[in-house]
Number of protein chains: 2
Amino acid sequence: MSTREETPTGNLSTDVAYQSIRAKILSGELGGGEWLRESDLASQLGVSRTPVREALGRLVADGLARHEPNRGVRVEEWTPKDLNEIYDLRVLLESHGTALAALNPATDVIWLEQLASEMSLISEQRHPDFGRLTELNNSFHSTLIESSGNERLKAVVESIVQVPLVRQTFARYNQAELALSMGHHHEMVRAVEAGDPQWAEAVMRAHLRAGWSAMQRFLIASRPKGRAEGRGGPAT
Amino acid sequence: MSTREETPTGNLSTDVAYQSIRAKILSGELGGGEWLRESDLASQLGVSRTPVREALGRLVADGLARHEPNRGVRVEEWTPKDLNEIYDLRVLLESHGTALAALNPATDVIWLEQLASEMSLISEQRHPDFGRLTELNNSFHSTLIESSGNERLKAVVESIVQVPLVRQTFARYNQAELALSMGHHHEMVRAVEAGDPQWAEAVMRAHLRAGWSAMQRFLIASRPKGRAEGRGGPAT
DNA sequence: ATCGCCCGTATTCCATACAATCTTCCCTGA
DNA sequence: TCAGGGAAGATTGTATGGAATACGGGCGAT
């Protein structure tokens, strides 16, 4: 009975359950609206129901799942309105963070430039590795937000941006949009390097609104019937 | 609709525990750094440890408490840097929300005006009821944020602003500042009524930065030794 | 035929028992 | 006197059983 695999970080069953279920939601393996049954997950993960319950509570707090009293927990599903809300906030928060980063002399401009360059290289290939690209892009944005010096800002952005659909922007870009986005990265580095908060902020705002636009096009294309709602879309 | 429920899970014991402990933290009855022992709380509330544990998990997720592995949960304590981070975000988010509210024709201007008027009345008395004033002020701000139409914006602001020290601004105002603040309320209503987002946003920004300034004065006055840190304070 | 009611089933919710882990403090020895 | 070790106590972390609750199907009445 004591032949349990060692977990990478700690030996807490709750973390195992949390990470595991979370990964399945983010990867799309668990689709929106699906029930998360305590017993099923417990036996499936080889732990008892208690840590699973705790993990589900954290997922609900994260906004990745929804709790229905005496019924259970199901995976949250996101409407176009949700995604527009998220992008609206993201533009506001990330552009502000970028301005602060530009004012911060400790911002690691060299690292940002490296990230931007590697992304450019990948994007110019015939079949870009979008997974790697997304990964590097996340690093780029995280680094900027961290450099703002406001830890809550970082926390809030991460909690908002984790919704699956908003991370994978690149896969929906055409060649011109991809090039534009890469240009934004380099321009942001220059603005931060110059210590110009308004420049940096403006580029970030443009960068994100471009992504928002691509996402909206995607939503409209794959919309079943109703019309995409939400005020303040980028370019209507 | 994907409205995230803030407090009510629909459970019984868990909610009782959550509300009860949360109230004690917000009222200051449970001070920063204090341990939240599961057994103590359980017997004290007349429930078992399980719902208490669940409640503690939610408090940690809310940012009101901190979890130390195998040690327990203790009440979060806030530094001047934390409070400055909070105000920085609050200015950003609430002013944005106010701009959106001004663009929203459904915003209930009459209700806002009633709130502003009642606050004015209270503030002009010789011994203002600061508790009631704070309550009305919270309604005013909540109504504006709700009127933005962005539910996530509302959720984020509420989660950030719940830290005890940021709510009770009025008690630290002198007479002139109080009058100024009341004036802001009325001016915001006029700006929203006029459908002028930039006007409304600007007033909200001024309103909050005035509060920030008062809070900083308070922090400096009651600071034990180290100097208050945090970038971008209102009046340095 | 449809509506309402009862009851069986499935699942959460809470309580409690057990295991793992950290802290404290006493004891020992140089 | 003080450092180190180790056992006892306290507390969290995990497992599991029983109570409460919601859903669905069958049956009967109108």
Side-chain angles (χ1 to χ4, degrees), chain A residues 1-22 24-25 30-76, chain B residues 4-22 24-25 30-77:
Chain A
M1 278 303 187
S2 61
T3 57
R4 178 163 301 160
E5 291 185 358
E6 279 290 336
T7 57
T9 52
N11 46 1
L12 299 181
S13 304
T14 297
D15 283 339
V16 175
Y18 174 72
Q19 301 288 353
S20 183
I21 302 172
R22 182 171 188 272
K24 287 182 182 171
I25 293 176
L30 287 170
E34 224 166 315
W35 286 106
L36 298 172
R37 299 284 175 212
E38 296 177 0
S39 308
D40 295 358
L41 293 167
S43 60
Q44 179 180 333
L45 296 170
V47 298
S48 82
R49 302 198 319 268
T50 306
V52 170
R53 245 183 105 75
E54 215 142 312
L56 291 180
R58 288 172 61 185
L59 291 169
V60 170
D62 288 351
L64 287 175
R66 151 183 300 272
H67 174 78
E68 302 185 12
N70 288 314
R71 297 264 298 138
V73 173
R74 55 168 63 184
V75 180
E76 184 71 85
Chain B
R4 184 175 346 177
E5 28 192 299
E6 192 65 18
T7 44
T9 65
N11 277 333
L12 185 55
S13 302
T14 298
D15 279 340
V16 172
Y18 175 73
Q19 302 287 356
S20 180
I21 303 171
R22 182 171 188 271
K24 287 182 181 171
I25 294 177
L30 286 171
E34 225 166 315
W35 286 106
L36 298 173
R37 298 289 174 206
E38 297 176 0
S39 309
D40 296 357
L41 294 167
S43 60
Q44 180 181 334
L45 297 170
V47 298
S48 83
R49 279 178 48 214
T50 307
V52 170
R53 260 182 89 79
E54 215 143 313
L56 291 179
R58 289 173 60 188
L59 290 169
V60 169
D62 288 351
L64 288 175
R66 162 177 301 275
H67 175 80
E68 303 183 14
N70 288 315
R71 298 262 301 135
V73 174
R74 56 167 61 184
V75 181
E76 185 70 83
E77 39 195 351

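Predicted model, so just to flag it, every value in this text is computed and none were measured.
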*Minimum heavy-atom distance A:Glu34-A:Gly31, with the two atoms named*: OE1-N, 2.9 Å

*So, is B:Ser13 close to the C:dC13 phosphate, meaning a side-chain N or O under 4.0 Å from OP1 or OP2?*
no

*asked:* Without decimals, in angstroms, what is the distance between B:Leu56 CG and D:dG13 P?
replied: 10 Å

*Test side chain to side chain contact (heavy atoms under 4.5 Å, CB included) on B:Trp35 and B:Arg71 and set out the steps.*
CA-CA 9 Å; B:Trp35 286 106; B:Arg71 298 262 301 135; 3.1 Å; yes

*Take the protein atom CG of A:Leu12 and the nucleotide atom C1' of C:dA19, then report the distance between them rounded to whole Å.*
14 Å

*Return the value, rounded to whole Å, for the distance between atom CZ of B:Arg74 and atom P of C:dT23.*
11 Å

*To the nearest angstrom, how far is B:Leu41 atom CG from C:dC14 atom C1'?*
17 Å

_Looking at A:Ser48, I'd like to know whether one of its side-chain N or O atoms comes within less than 4.0 Å of OP1 or OP2 on D:dT16._
no

*Indicate yes or no: does B:Arg22 engage B:Asp15 in a salt bridge with an N to O separation below 4.0 Å.*
no

Grab the N/O contacts between the protein and nucleotides 17-19 of chain D below 3.5 Å, and write none if there aren't any.
| residue | atom | partner | partner atom | Å |
| --- | --- | --- | --- | --- |
| D:dG17 | O6 | A:Arg49 | NH2 | 2.6 |

*Take the protein atom CG of A:Leu36 and the nucleotide atom P of C:dC13, then report the distance between them rounded to whole Å.*
13 Å

*First encountered from the 5' end of DNA chain D, between B:Thr50 and B:Trp35*: B:Trp35

*Closest approach of A:Ile25 and A:Leu64, non-hydrogen atoms and distance?*
CD1-O, 4.2 Å

*Would you call A:Thr50 and B:Arg53 a side-chain contact if the rule is heavy atoms closer than 4.5 Å?*
no

*Do you know which two heavy atoms are closest between B:Glu38 and B:Leu56, and how far apart they sit?*
CG-CD1, 4.0 Å

*Would you kindly give the CZ-to-C1' distance between A:Arg53 and C:dT12, to the nearest whole Å?*
6 Å

Between the protein and nucleotides 9-11 of chain D, which nitrogen or oxygen pairs are less than 3.5 angstrom apart?
| residue | atom | partner | partner atom | Å |
| --- | --- | --- | --- | --- |
| D:dT11 | O3' | B:Arg37 | NH1 | 3.1 |

*Just jot down the side-chain contact (heavy atoms from CB on, under 4.5 Å) partners of A:Gln44, sequence neighbours excluded, or say none.*
A:Lys24, A:Leu41

*Output yes when at least one side-chain N/O atom of A:His67 is less than 4.0 Å from OP1 or OP2 of C:dC13, else no.*
yes

*Could you tell me the separation between the CD atom of A:Glu68 and the C1' atom of C:dT12, rounded to a whole number of Å?*
12 Å

*asked:* I want to check something: taking the side chain as every heavy atom from C-beta on, are B:Leu59 and B:Val73 in contact at a cut-off of under 4.5 Å?
replied: no

*What pair of heavy atoms forms the shortest contact from B:Pro51 to B:Thr14, and how long is it?*
CB-OG1, 3.6 Å

*Between B:Leu45 (CG) and C:dC14 (P), how many Å, whole number?*
13 Å

